[in-house]
Asker: 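Below is the structure I would like to discuss, written out as structure tokens.
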Amino acid sequence: MTFQIYPTLEIPETLAAGPGPGNTDARVLKAFASAGVADHMQGDVLRGMIECKHMLREIWGTDNTYTFAVAGTGWSGLDTMFSAVMPGDRVVAFTNGTFSGIDALTLRIKAATPAEHAANPLDPHAASVTVIEVPHGQPVTGEMVEEALAAHKPKWAFMAHWETGSGRVNDLRGFSDACARHGAMGLVDAVSSLGVADFRIDDYPGIAGWASCPQKGLCCLPLTYAPVSFTDAYIEALRTTGAYSYVHNPIYEARHWGIVDGQDVEKGTYHRTHSGYAVAAFHESLRLTLQDGLAKRARCYRTHEAVLRDAVTAMGCTVTSDMPSLVVLNLPPALAGREMELVQNCRARGFGIWPTLSAPVQVRIGILNQLDRQAISRIVHLFGDAIRELGGQVDFDIIEALLESRYGTSIAA
Ligand SMILES: *Cc1c(COP(=O)(O)O)cnc(C)c1O
């Protein structure tokens, strides 16, 4: 057998128009590529991490000292948030789509006893975990949370803020209030809302732990950092029980970000080997978020999502989502059942949209970091072409008139 070295991996430029990742911002990529060669204890790398910590607190609206970020993807931050859940802990988890479903699996893994793990190692059924399954396409409401927490009196309650699988916004206020009323510590998957929604952690005192990701609202995919934030009550619980993890224990992790024994210190200490390139990219994405301002970003997302929603509706699709960064839709009745074919045709052309990852099969089109007329028009046209390609009808004159009426003559709208 002979082996030849592969040619250099070339990856084409595509349009990431799914639920995430969004197109990483050019400023972020530049910061990533132009960072000098430096190790993880070099002074500017450590200073950058401290600055990131302060910027995160500002963006997320919190005085939680334990606000920092975990190397990796959204699941890395979520695993860190779930690390304080111990075998036998009583948990109520609400699911309404793919991602909260995986979160609930993680919670069952954390709360399962050794016997429960042995009985079903990859999908343990933890008797102490109650999963409330809300059907795909419907939101988790405050009433649902109130009822379940009153009945089960758990130590932990879990919900996704925005369920990206079905494109639904869940009731954060109702969740936080119910947690506070019933003495449960709320845990929230905020992977798809950070950097897109205008909300403040400290307005939701029932929620003890938050976890997000780099690749969605922060436009920072070059594998960087998943933001997390914990109240003192969470840290106290963790201090009391411990966690079965070194790398994802928030108390250990926070040290590299200059948080020791609940206090900010001047300089981080070694937890693991962080990348100066990733720190530089993450730092730039946080600066970008602060410069845009969350209020303005949130407004832009709502404006452009409404245009995309109306355009696909004019093509005969039915939108079932209410997330400002994502449209989840059913194709026109004549094309029902051909969702995968349509998505694959789009991908073949570098137009990266997604199907749903769990039943029912729907199409998901996202607008992360695509916040101008030109970008939305491009997405609308590519999608219209794909519908036509399958034999569907699209009247581009009507679509053009719709875009024009929404955006007027201002190209920059
Ligand atoms: C994208 C997403 C995740 C997973 O994030 P990764 O970066 O793929 O690890 C988890 N939860 C929600 C709600 C998401 O949208």
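None of the values given here were measured: they were computed from a predicted structure. Counting convention: from 1, in listed order, for ligands and their atoms alike.
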Asker: Run the side chain to side chain contact (heavy atoms under 4.5 Å, CB included) test on R239 and I235 for me, step by step, so that the C-alpha distance in whole Å, both residues' side-chain angles and the decisive distance to 0.1 Å come before the verdict.
Answerer: CA-CA 6 Å; R239 229 181 260 292; I235 296 298; 3.7 Å; yes
Asker: Does at least one non-hydrogen atom of H161 fall below 4.0 angstrom from an atom of ligand 1?
Answerer: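 So H161 does not count as touching ligand 1.
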Asker: Heavy-atom contacts under 4.0 Å between W75 and ligand 1: side chain, backbone, both, or neither?
Answerer: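 Both backbone and side chain.
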Asker: Which atoms of ligand 1 are found less than 4.0 Å from any heavy atom of W162?
Answerer: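 Close to W162: 13 (C).
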Asker: Specify the protein heavy atom at minimum distance from atom 3 (C) of ligand 1: its residue, its atom name, and the distance to 0.1 Å.
Answerer: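 I find the closest protein heavy atom is F99 CD2, 3.4 Å.
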Asker: Quick test of your reading of the structure: of T164, L221, D189, L326, whose heavy atom lies closest to atom 11 (N) of ligand 1?
Answerer: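 Residue with the shortest heavy-atom distance to the ligand atom: D189.
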Asker: For Q291, I'd like to know if atom CD has over 12 heavy atoms of other residues, nucleotides or ligands within 6.0 Å.
Answerer: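 Enclosed: over 12 neighbouring heavy atoms sit under 6.0 Å from CD of Q291.
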Asker: Using the benzene-type ring in the case of Trp, are the ring centres of H381 and F396 under 6.0 Å apart?
Answerer: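 Yes.
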Asker: What about Y234 and Y66, are their ring centers closer than 6.0 Å?
Answerer: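 No, too far apart.
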Asker: Counting heavy atoms only, which part of Q215 comes closer than 4.0 Å to ligand 1: side chain, backbone, both or neither?
Answerer: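 Only the side chain of Q215 comes within reach of ligand 1.
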Asker: Should you measure from each heavy atom of G74, which atoms of ligand 1 turn up under 4.0 Å away?
Answerer: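 Checking each atom against G74, I get 5 (O), 6 (P), 7 (O), 9 (O).
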Asker: What protein heavy atom sits nearest atom 9 (O) of ligand 1, and how far off is it?
Answerer: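 Protein heavy atom at minimum distance: T73 OG1, 2.7 Å.
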Asker: Can a cation-pi geometry be assigned to K53 and Y225, taking NZ or CZ under 6.0 Å from the six-membered ring centre and within 45° of the ring axis?
Answerer: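 Here K53 fails the 6.0 Å and 45° test against Y225.
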Asker: For residues R47 and K267, determine if any side-chain heavy atom of one lies less than 4.5 Å from a side-chain heavy atom of the other.
Answerer: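 Sidechains of K267 and R47: no contact.
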Asker: Is the shortest distance from a Lys or Arg side-chain nitrogen in R168 or D322 to a carboxylate oxygen in the other one below 4.0 Å?
Answerer: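 Looking at D322 together with R168, the answer is yes, because their closest N to O distance falls below 4.0 Å.
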Asker: Considering heavy atoms of the protein only, find what lies nearest to atom 14 (C) of ligand 1 and give residue, atom and distance to 0.1 Å.
Answerer: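 It is K216 NZ, 2.9 Å.
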